[in-house]
Structures are given as C-alpha cells and as structure tokens.
Amino acid sequence: GEHRWGGHADQVVVPAWHPVRKPENRTWVECAAYPVAYVTAWRMLRKGRVQAGTKVLIVGIGGGVAVAALHIAAYLGAEVYVTSRDEAKRRKAIELGALDAFDSGGRFPVSVDVVIDSVGAATWEASMRALCNGGRYVTCGATSGVEVPLLLPRIFFKHFEIIGVTTGLIATIFNYSHHGVLLGLIIFAALLLNHINACVTGVCVPLVMKRMGFDPAQSATIFATTFT
C-alpha cells in the first residue's frame with residue numbers, strides 16, 4: 001500500500017486501529033471496493049461541494065474510483081458527464097446514469113462546476129478548459145503523468161480551485177452522515193449492491209495474478225476494476 005508494504009502478503013503488521021472485522025453478510029470483494037473506491041470518490045465529491053444540480057465531469061470512466069464517483073454523484077442529483085478512450089465504457093457509463101460521454105483524447109464539449117480526475121497530465125488541459133468560472137478541479141491521482149503546465153492567470157482570473165484528495169478517514173467510512181443518511185447505507189444499499197464486482201465473473205484479476213500470466217493490456221477493456 002501507500003503507507004505499509006505487504007498488502008498482498010499472508011501477514012502484515014498494521015496499527016491496531018486499522019483492522020475492521022468483515023461483516024458476515026458482505027463479500028471480500030464488496031469490503032475491498034467500499035473503503036478504497038467509494039470512500040475516495042465520496043471524499044472527492046464532498047471536497048468539490050457536489051450537490052443536486054452541480055455539473056460534474058468524471059475523467060477516465062472505467063476505474064473503480066471513477067465509477068464510484070458516477071454512482072454517488074448521480075445519487076446526489078448532480079448532472080454527470082464522463083470521458084473515456086473506450087467507446088464501450090462510454091456507453092456503459094450512460095447506462096449507469098451519465099448524461100453524456102466524451103472521448104478522453106480531445107476537448108470536452110461541456111462546461112462544468114467540478115472535474116473529478118485521477119488521470120493527470122494527459123487530460124489536464126481539456127479538464128481545465130471544461131471548468132466554468134469558479135470551477136473546482138479535484139484530483140486523487142495521476143496515472144498518465146504527474147507534471148502539468150499551470151497557467152496562474154487562468155487560476156486567478158477564473159477563480160479556479162485545485163483540490164487534492166486521498167482516500168477517506170476511518171471515521172468517514174463508518175460515521176459520516178449527509179442529508180441525514182449514513183455513508184455506509186448510501187453506498188451499500190443504494191449503490192454498491194446493484195453492481196456486482198467484476199471479479200465474480202472473472203473479468204477482474206487481482207494484481208498478484210500478474211505473475212501468473214495476467215496480461216496488463218487487458219485493462220483497457222475492463223470497465224472498472226471493481227464493477228461489471
């Protein structure tokens with residue numbers, strides 16, 4: 001992991017407050033997707049102040065956090081748009097509630113309040129151009145590159161905000177409430193259980209299986225690492 005080696009080992013030493021007992025009625029797949037993908041997405045949307053009517057662009061739909069952000073933003077009543085290089089992923093995203101989907105390789109023909117991004121350098125310019133005045137760019141990663149050109153006049157003339165997010169706090173996972181509904185209830189009851197993990201169908205292969213013949217090139221055809 002980011003802070004502790006050995007996440008795929010048989011045994012690993014972690015702080016005493018880290019481990020949480022798996023609920024008997026939840027699969028290991030669900031329990032993995034919840035704190036990693038959904039809590040990260042939730043925190044990004046919260047930091048971006050997303051609510052009903054907010055226009056949101058999710059860059060690089062297909063990854064776990066991006067798909068989770070689509071589910072939660074749509075649940076909150078936001079107007080959600082997505083991007084992907086893959087046409088099948090764009091179609092799937094529209095089935096899941098996106099209003100429109102664009103190719104990640106060009107300009108995004110939409111003006112939004114919030115950009116949710118984990119792609120980074122490859123889509124930075126298009127993401128910045130898609131933000132309206134006062135827009136918020138929220139990032140949790142940079143899979144395509146970490147260095148981007150930052151034009152300061154664009155930031156201060158358009159009142160942009162650039163917000164960095166990692167996954168949420170342990171308290172967020174269990175206690176955070178929004179509109180009177182517990183986060184866990186929102187995610188599990190309204191979202192997560194409607195979309196079964198791709199690992200169940202054999203679409204997703206754990207990272208440790210790379211040593212056993214998994215072809216990384218297949219990742220371009222997988223819609224989310226956690227969902228069908």
Side-chain angles (χ1 to χ4, degrees), residues 37-38 40-74 76-167 216-217 219-227:
Y38 274 85
T40 302
W42 173 264
R43 197 178 193 192
M44 293 179 79
L45 295 169
R46 179 173 170 242
K47 291 283 189 178
R49 305 190 296 281
V50 172
Q51 57 187 339
T54 304
K55 293 184 177 180
V56 179
L57 177 67
I58 301 171
V59 180
I61 196 67
V65 173
V67 175
L70 170 55
H71 288 318
I72 299 173
L76 293 175
E79 299 179 22
V80 186
Y81 303 87
V82 303
T83 82
S84 175
R85 297 171 298 164
D86 186 85
E87 183 179 354
K89 292 181 182 180
R90 297 196 295 268
R91 289 197 305 267
K92 183 66 174 179
I94 291 175
E95 292 177 12
L96 295 178
L99 296 179
D100 208 346
F102 317 117
D103 192 315
S104 295
R107 273 196 173 191
F108 307 145
V110 66
S111 179
V112 298
D113 304 300
V114 178
V115 169
I116 300 295
D117 180 41
S118 61
V119 175
T123 54
W124 166 262
E125 181 62 24
S127 295
M128 288 293 102
R129 289 181 178 274
L131 283 174
C132 65
N133 286 349
R136 284 91 68 193
Y137 173 88
V138 189
T139 175
C140 70
T143 56
S144 69
V146 298
E147 295 185 1
V148 297
L150 183 62
L151 301 178
L152 291 179
R154 173 186 282 169
I155 303 299
F156 58 72
F157 276 125
K158 294 193 173 184
H159 306 277
F160 285 170
E161 297 177 46
I162 300 176
I163 304 168
V165 169
T166 57
T167 190
S219 62
T221 64
I222 296 175
F223 186 86
T225 55
T226 52
F227 298 93

*Which heavy atom in Ala73 sits nearest to a heavy atom in Leu45, and how many Å separate them?*
N-CD1, 3.7 Å
*Taking the side chain from Arg136 and the backbone from Val114, do they hold a donor-acceptor pair closer than 3.5 Å?*
no
*Working to the nearest 0.5 Å, report the span between CG of Leu150 and CD1 of Ile155.*
5.0 Å
_Gap between atom CD1 of Ile116 and atom NZ of Lys47 - 0.5 Å precision_ = 12.5 Å
*Would you check if Val82 and Arg90 make a side-chain contact, meaning some heavy-atom pair closer than 4.5 Å?*
no
_Donor-acceptor check, side chain of Asp117 to backbone of Thr139, threshold 3.5 angstrom: yes or no?_
no
*asked:* Run Thr167 and Arg43 through side chain to side chain contact (heavy atoms under 4.5 Å, CB included) and show every step you take.
replied: CA-CA 7 Å; Thr167 190; Arg43 197 178 193 192; over 6 Å; no
*Between atom CG of Leu131 and atom CD of Glu161, what is the distance when rounded to the nearest 0.5 Å?*
10.0 Å
_Contact check, side chains of Ser118 and Val65, non-hydrogen atoms, under 4.5 Å_ = no
*Go through the steps for Asp100 and Val110 under the test side chain to side chain contact (heavy atoms under 4.5 Å, CB included), then give the verdict.*
CA-CA 9 Å; Asp100 208 346; Val110 66; over 6 Å; no
*Under 3.5 Å, is there a donor-acceptor pair between the side chain of Arg85 and the main chain of Ser104?*
no
_Between Thr40 and Met44, is the side chain to side chain contact (heavy atoms under 4.5 Å, CB included) condition met? List the steps._
CA-CA 6 Å; Thr40 302; Met44 293 179 79; 4.3 Å; yes
*asked:* Ring-plane angle category for Tyr137 and Trp124, please: parallel below 30°, perpendicular beyond 60°, tilted otherwise.
replied: perpendicular
*Closest approach of Leu99 and Glu79, non-hydrogen atoms and distance?*
CD1-CB, 3.7 Å
*Are any side-chain N or O atoms of Asp103 and backbone N or O atoms of Gly106, one a donor and one an acceptor, separated by less than 3.5 Å?*
no
*Would you name the heavy atoms of Leu57 and Ala130 that are closest together and state the gap between them?*
CD2-CB, 4.0 Å
*asked:* Could you measure the distance from the CD atom of Glu87 to the CZ atom of Arg91? Nearest 0.5 Å is fine.
replied: 4.5 Å
*For Val148 and Ala121, work out which heavy atoms get closest and say how close.*
CG1-CA, 3.7 Å
*Between Glu125 and Arg154, is there a side-chain N and carboxylate O pair less than 4.0 Å apart?*
yes
*Which heavy-atom pair separates Ala98 from Leu70 by the least distance, and what is that distance?*
N-CD1, 3.9 Å
_Check: Val119 main-chain N/O paired with Ser144 side-chain donor or acceptor under 3.5 Å_ = yes
*Is the CZ atom of Phe157 crowded by more than 12 outside heavy atoms at less than 6.0 Å?*
no
*asked:* Could you report the tightest heavy-atom contact between Asp86 and Lys89, atom names first, then the distance?
replied: OD2-N, 2.9 Å
*Do Ile61 and Val67 come close enough that some side-chain heavy atom pair is under 4.5 Å?*
yes
